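I have placed the structure first, in the form of structure tokens, so that the comments after it can refer back to it.
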Amino acid sequence: MSETSSNMNSENARLRLAAILREPVVLALFAIIILLGIGEAVSPGFARGDQIIKLLTVAALLGFAAAGQNLVVLAGGEGIDLSVGAMISLGAVIAGNVMDGSNGGIIPAVIVASGVTFLIGMVNGLGVNLIRIPPLVMTLGMTSVIQGGLVVFSRGIPSGNAAPALMNFINQPVVFGIPGILFIWLVLIIGMVFMLRATAFGLSIYAVGANPQAARLVGLPVKAIRTIVFGLSGALAGLTGVFVIGYTGNSFISVGDQYMLPSIIAVVIGGTSLAGGSGGYIGTVAGAIALILLQSVLTTLHLEFWGRQLIFGGTLLLLLMFYGRQKSARI
Amino acid sequence: MKNTLSAAKPASGSLKKPAWFVAFGFLVVLILINWYLQPSFFDGMVLHSNLTTFLPLILVAIGQTFVIMGGDIDLSVGSIAALVNVVTVSVIAMAGGDSASVPIGLVAGLVVAVLCGAFNGLLISYLRLQPMVATFGTGIIFSALALWILPQAGLAVPDVYWMTYGGTILGVPTVLWILVAGFVFVLIMKRRPFESHLKAVGGNRAGAFQSGIDMSFTRLLSFALCGLFAGFAALCLTGETASGDPLLGQSLAMGSISAVVLGGTMLSGGVGGAVGSIFGALLLGMIGNVIFFAGLPFEYQTLVQGLIVLAALAGGVLVARK
């Protein structure tokens, strides 16, 4: 009797371990450790503290962009925001012009950049929820509108500069050798997790994403929630733009393009389902770090560009095979 | 616009109204505007050059429609086109670079196209990877292979290739033959069980499974077909540029998806058809034309084009809902 129960216990423990190992966050952490190991083996010093902090700074920029993407995807209804890249460019250009190299302009730059992108995000949300344009094409269309607007505004000439204080905050250590952007990212992570797990708004995002009919029947404003997440995604992308110009010093009108698809990939390899309703921001954080780490390891490999891309694409598919798989139709 | 709509409604009934109806209406309006702005629009030469410009997107959009009807999406079509382009020009060069080696190159390109599409289909329908992210990943791989085969643009094709593509066959422009062939293919597919199976798979997965449709194979075929059409588009682009370019066709993925949606096919799958996508692709091309001939300052063109595409999407959705 006691033997069977201990057998069952060990069986249970085994199943629980298997379940934990299948958690996207755990898998992404494994990927991070393996990648760090490969990087250190190929080029000693790769996993040194200051190198890791540099990597995390780049990952933080992607993490900010992916936070908004995460909310849009979680809220379901085929939610996806392809305008994240253009919004980042817009945020960077606005911030550069508002600051124009003066420290006093940092706060106004943050407010104007995230305010404008919030409003454009709300237009995305209204297009999707009121007119019922599919999110993919709505945000794709908005991307070309924003890019066109940036061309008109800048006439193709880079303009605006980051304030020195902002650049120091993002690139230079503030406390314990850690740059300020990482503290801000930590605040964002805590804020996102708190919002998604402990506030009515966060929980209703899951409810709306998992089952919109049920959410409507219990009285949740499905369309309003699905609209606001697009606004938040815009604002977070605009904020990312402010940090991007702080990171690079100046902006050009396509500076944000490189973040568009990675923001989706970080969300997906972090375990958030593109169908909506399941996942979370911790996974996305791990996904963003894994993605940046992978790119960085590939850079140290001294391969030709095509070789790096080949491995990048292959690793992506491999990661998806582990936990980006969809349900079978067999019932 | 409004008149044609209300006139057609009782005749066809709201249920049977074809999905491409709205796109076709917009297209007629844009053609009239273009004709007004550019009186030579209906000249043979102008039509010929317009069709040459629009054809690659039309072909990719036809293929993309089948994938989208099945409830999936293919972001790798542009990379497939680039890979097919470099494979075709390289094989032609390896086979001697004369007229006789052109068919070998064409066949090699199309084989690669179908293999790429089937690879996508395998990952998505059998290994059940998420289509959007998976085809983004395979797109990176296909582009990498294209860069490996031909690191820099170059490698001219024999004259006979681009002269045939840009010329006429039996007095009819080659590009028109290709468009007609595409149209006929689409009309034939409309009557094949494959398309209804695909729509069943896209519209109601559980139902399709229970009615015994081989879903995985149907989806695999749709991706292979999409790859094949990306291959056709690449061969057309090769006829236009007369050389290889590993970075060719980067706007094809997003362009084809816009064309498919403008043509009335639902991104959620199950509803629509490739006829609409042909109109959608023509519509996108015509929007660019009209803006060019309207004489807008250069820096405003992208913005206005984006706004018109958004308006057309919104208008299409609003009209189709009624």
Side-chain angles (χ1 to χ4, degrees), chain A residues 77-78 80 82 86 123 127-128 130-138 140-156 261-262 264-265 267-269 273-275 304-321 324-331, chain B residues 73 75 79 123-124 127-134 136-149 151 201 205-210 215-216 246 254 257-258 260-262 266-268 297-307 309-318 320-321:
Chain A
E78 298 167 19
I80 197 153
L82 295 190
V123 175
V128 167
L130 275 189
I131 311 184
R132 281 190 249 164
I133 304 174
L136 188 89
V137 279
M138 176 70 214
L140 185 62
M142 189 55 88
T143 299
S144 42
V145 172
I146 297 172
Q147 281 169 346
L150 282 170
V151 172
V152 172
F153 175 75
S154 68
R155 289 170 198 278
L261 286 161
I264 300 169
I265 297 170
V267 168
V268 172
I269 60 179
S273 155
L274 278 182
E304 278 187 76
F305 181 71
W306 69 264
R308 283 207 305 263
Q309 292 293 92
L310 198 67
I311 300 179
F312 182 65
T315 315
L316 204 64
L317 293 179
L318 207 63
L319 282 172
L320 285 177
M321 228 167 281
R325 294 177 68 173
Q326 304 190 296
K327 285 194 197 100
S328 161
R330 289 178 179 78
I331 309 157
Chain B
I73 202 159
L75 295 186
S79 308
L123 291 178
I124 290 158
L127 292 176
R128 301 201 308 274
L129 300 193
Q130 204 283 328
M132 188 187 297
V133 200
F136 173 67
T138 58
I140 294 177
I141 292 176
F142 300 151
S143 300
L145 292 175
L147 279 167
W148 172 55
I149 294 172
V201 168
R205 248 172 224 179
F209 176 72
Q210 282 163 348
M215 290 210 320
S216 301
M254 293 310 179
I257 294 167
S258 302
V260 170
V261 173
L262 281 172
M266 304 240 299
L267 274 182
S268 47
F298 176 74
E299 65 262 31
Y300 284 90
Q301 290 186 3
T302 330
L303 176 63
V304 175
Q305 178 154 14
L307 285 170
V309 172
L310 255 191
L313 283 169
V317 175
L318 281 175
R321 252 165 60 185

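Everything quoted here is computed from the prediction, not taken from an experiment. Throughout, protein chains are lettered first and strands after them, A, B, ... in sequence-line order, and every chain is numbered starting at 1.
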Could you give the distance from [atom1] ([X]) to [atom2] ([Y]), rounded to the nearest 0.5 Å?
X        : Y        : atom1 : atom2 : value
B:Leu310 : A:Ser144 : CG    : OG    : 6.5 Å
B:Phe136 : A:Ile264 : CZ    : CD1   : 8.5 Å
B:Leu313 : A:Met138 : CG    : CE    : 8.5 Å
B:Gln305 : A:Gln147 : CD    : CD    : 11.5 Å
B:Gln130 : A:Leu274 : CD    : CG    : 4.0 Å

Tell me which of these, B:Ser143, B:Gly306, B:Ala144, B:Ala134, has more heavy-atom pairs under 4.5 Å with chain A than the rest.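 Highest number of pairs under 4.5 Å: B:Ala144.
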What residue, out of B:Thr302, B:Val304, B:Leu303, has the most heavy-atom pairs lying under 4.5 Å from chain A?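 Winner by heavy-atom pair count: B:Leu303.
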Looking only at heavy atoms, what is the nearest atom pair of B:Ile140 and A:Gln309, with distance?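 Minimum heavy-atom separation between B:Ile140 and A:Gln309: CG2-O, 3.2 Å.
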Grab the two heavy atoms, one from B:Ile73 and one from A:Leu136, that are nearest each other, plus how far apart they are.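 The answer is CD1-CD2, 3.5 Å.
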Criterion side chain to side chain contact (heavy atoms under 4.5 Å, CB included) on B:Leu147 and A:Phe305, from CA distance to verdict: CA-CA 8 Å; B:Leu147 279 167; A:Phe305 181 71; 3.5 Å; yes
Checking heavy atoms, do the side chain of [X], its backbone, both or neither come under 4.5 Å from chain B?
X        : result
A:Ile80  : side chain
A:Ile311 : neither
A:Leu317 : both
A:Leu310 : both

Given a strict heavy-atom distance threshold of 4.5 Å, which part of [X] is in contact with chain A: side chain, backbone, both, or neither?
X        : result
B:Ile141 : both
B:Val309 : neither
B:Met132 : side chain

Is the closest side-chain heavy-atom distance between B:Leu123 and A:Met321 below 4.5 Å?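 The answer is yes; the side chains approach within 4.5 Å.
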Selection from A:Leu82, A:Leu316, A:Thr315, A:Ile133 maximising heavy-atom pairs under 4.5 Å formed with chain B: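 Answer, by heavy-atom pair count under 4.5 Å with chain B: A:Ile133.
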Highest number of heavy-atom pairs under 4.5 Å with chain B: which of A:Ser273, A:Gly127, A:Gly313?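 That would be A:Gly313.
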